[in-house]
Amino acid sequence: MLKCSGKSVLKGIAAGKIYLYRKKEFVLTQDKVEDADAEIKRFEEARQKACGQLEALYQKAVKEAGEEQAMIFDVHRMMLDDGDYLDAIRQKIRDAKVNAAYAVSTTGDEFAEMFASMDDDYMKARSADVLDISKRVARILMGADEEGIDSREPVILLADDLSPSETMQLDKSKILAFVTKGGSTNSHTAILARSMNIPALVQADVELKEEYNGLTGVVDGIEGIFYIDPEPAELTELLNRKKEADQAQAQLERLKGLDNVTSDGRRINVYANIGSVEDVDKVLASDAGGIGLFRSEFIYLGREDYPTEEEQFEIYKEVISKMGGKKVIIRTLDIGADKQVGYFNLPKEENPAMGYRAIRICLTRPEVFKTQLRAIYRASALGTASIMFPMIISTKEVRQIRKIVEEVKQELAAEGKPFGEVELGIMVETPAAAIISDELAKEVDFFSIGTNDLTQYTLAIDRQNQKLDGFFDAHHEAVLRLIRMTVENAHAAGIWCGICGELGADTTLTKTFLDMGLDELSVSPAYVLSVRKAVREI
Ligand code: PEP
Ligand code: MG
């Protein structure tokens, strides 16, 4: 038996088989080949394998996301049949006598560049696709093709690290818990684990040994320990603790239907955070009063092209309708930093957390922004929708946003498309926004404080950098003062103010937040009832 410590992301216990998830990295090399015909044959076999993978992905996507979403995999398969592309690769192998992976990658780059320089928007968008298919074939050739979860039963996923888009692509029904060597407790992967309501440990002190694959593991998210192949007596004890944890959860379940009210009658809204339609069932099960943060950028991750207005409309419609009139606050896309999306073609940056991201992309790419706003406004006709904007630093940005929102409303009205009343708010997650919150409060209907980024920017500590977790102090007086100031300024202007960052779920601060006068706390569905319990005990 082996005991490894890690940082807990969600307090729960899970037991099951360990599944080693290895990301196979590959470094592209240019090698000379003697037998060009044999190399072309290798290329052909890899191409066939890629077509098979794309067919499987197409079938999975049809089932999980519908025909329209799945189409992209069909397009990719067709591109792998394109005569010009194939000829160019074969010619390179034959003439330059280079290895197939190198020929595929460089041909992919050349075609992508050519597509990107075309005037036609459709052809431009194919640039990312040709890169994608070339990468897929090159990976196969280098023996580094992607790995899914090849197991019939749900497993404990043991990985080096996972990016948000990798996490998105994994089959969630097959994951009992995550254990990663890397990752910080404030990363989006950790947030996703919380929203999936599964125990998870990051920064686990564990080696990724092949021999662990298939062994029994227990993730104790309460103590922050990962047990590999526990002795029978230890396993029995752990399973008993799991039973106790399940019982404590059952106790919390009794709070369903009750108010979030202190013994002296002070009320607060407890809402839930989501990243996808699938999370709504967990919100409803948690008895949250609404959705305080829908991280809409997850709609954009793990796909090959921009989601269309129709696709987004269907998603927002489903979330809003399922919530049956309860408030749904949709945050417009917060792409950038750790949430990278290939088809956005974002430039490489020295300092992405402070870079071209979130509202900065939306305000400079209004067509992308408007598509999303149109979809949200149309869905707002079916329930109670609010919109909030991430990474705001100035009133000028808010005015620019309002102008674009007005244009969208006028366009929809002219087209006879119905929409409802939509509250417009901002995330207060930069020190700038908190400091000028008195001015910003006059421009919007509400504030939602993003404590994850607010802490990162106030303390100048990268939330992704695991080495800094020891310095990352979300209880820092500077952060608490900024929160207090933001709430006071909101109330002075007559608007409401909530918290949607992870700190909202920290029950050691619930009393502090109530004293500050916060109107809402929006937390992962898994924490709704524990926050309710904390409020009711005050
Ligand atoms: C935050 O920054 O606190 C927040 C809620 O947004 P995200 O975690 O998605 O950056
Ligand atoms: Mg943020």
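When a ligand or atom number is given, it counts from 1 through the structure's own listing order.
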Q.
Please find the pair of heavy atoms, one from Ile299 and one from Arg303, that lie closest to each other, and give the distance.
A. O-CD, 3.1 Å
Q: Identify the heavy atoms of Ser296 and Gln372 that sit nearest to each other, and give their distance.
A: OG-NE2, 2.7 Å
Q. Ligand 1 versus Arg463, non-hydrogen atoms closer than 4.0 Å: side chain, backbone, both, neither?
A. side chain
**Q.** ligand 1 N/O within reach of Glu429 N/O, cut-off under 3.5 Å
**A.** yes
Q.
Which of the numbered atoms in ligand 1 are under 4.0 angstrom from any heavy atom belonging to Lys339?
A. 9 (O)
(Q) To make sure I understand the geometry: which N, O or S atom in Glu429 is closest to the Mg ion (ligand 2)? (A) OE1
Q: Heavy-atom contacts with Met427 under 4.0 Å: which atoms of ligand 1 show up? List them by number with element.
A: 4 (C), 5 (C), 6 (O)
Q: Would you check if the distance from the ring center of Tyr300 to the ring center of Tyr343 is below 6.0 Å?
A: no
Q.
Below the 3.5 angstrom mark, is there an N/O of Arg357, backbone or side chain, next to an N/O of ligand 1?
A. no
Q.
Give the atom numbers and elements of ligand 1 that come within less than 4.0 Å of a heavy atom of Asp453.
A. 1 (C), 2 (O), 3 (O), 10 (O)
Q) Can Arg378 be said to sit on top of Phe419's aromatic six-ring, NZ or CZ under 6.0 Å from centre and within 45° of the ring axis? A) no
Q) Does a side chain donor of either Gln203 or Asp469 reach within less than 3.5 Å of an acceptor in the other side chain? A) yes
Q) Is the Mg ion (ligand 2) less than 2.8 Å from an N/O/S atom of Asp334, whether that atom is in the backbone or a side chain? A) no
(Q) Salt bridge or not between Glu477 and Arg481? Use side-chain N to carboxylate O under 4.0 Å. (A) yes
**Q.** Within-cut-off N or O pair, Glu297 and ligand 1, under 3.5 Å
**A.** no
Q. Just heavy atoms, cut-off under 4.0 Å: does Glu502 contact ligand 1 by side chain, backbone, both, or neither?
A. neither
Q. Of Ile330, Val328, Val283, which meets side chain to side chain contact (heavy atoms under 4.5 Å, CB included) against Ile274?
A. Val283
Q. Which atoms of ligand 1 have any heavy atom of Arg295 under 4.0 Å away?
A. 4 (C), 5 (C), 6 (O), 7 (P), 8 (O), 9 (O)
**Q.** ligand 1 contact by Gln456, heavy-atom criterion under 4.0 angstrom
**A.** no
(Q) Between the Mg ion (ligand 2) and Asp453, which N, O or S atom of the residue is the nearest one? (A) OD2
Q.
Show me which atoms of ligand 1 lie under 4.0 Å from any heavy atom of Leu293.
A. 5 (C)
Q. Going by atom types alone, do His76 and Asp129 pair a side-chain donor with an acceptor below 3.5 Å?
A. yes
Q) Between Arg532 and Asp287, does at least one N-O distance fall below 4.0 Å, as a salt bridge requires? A) yes
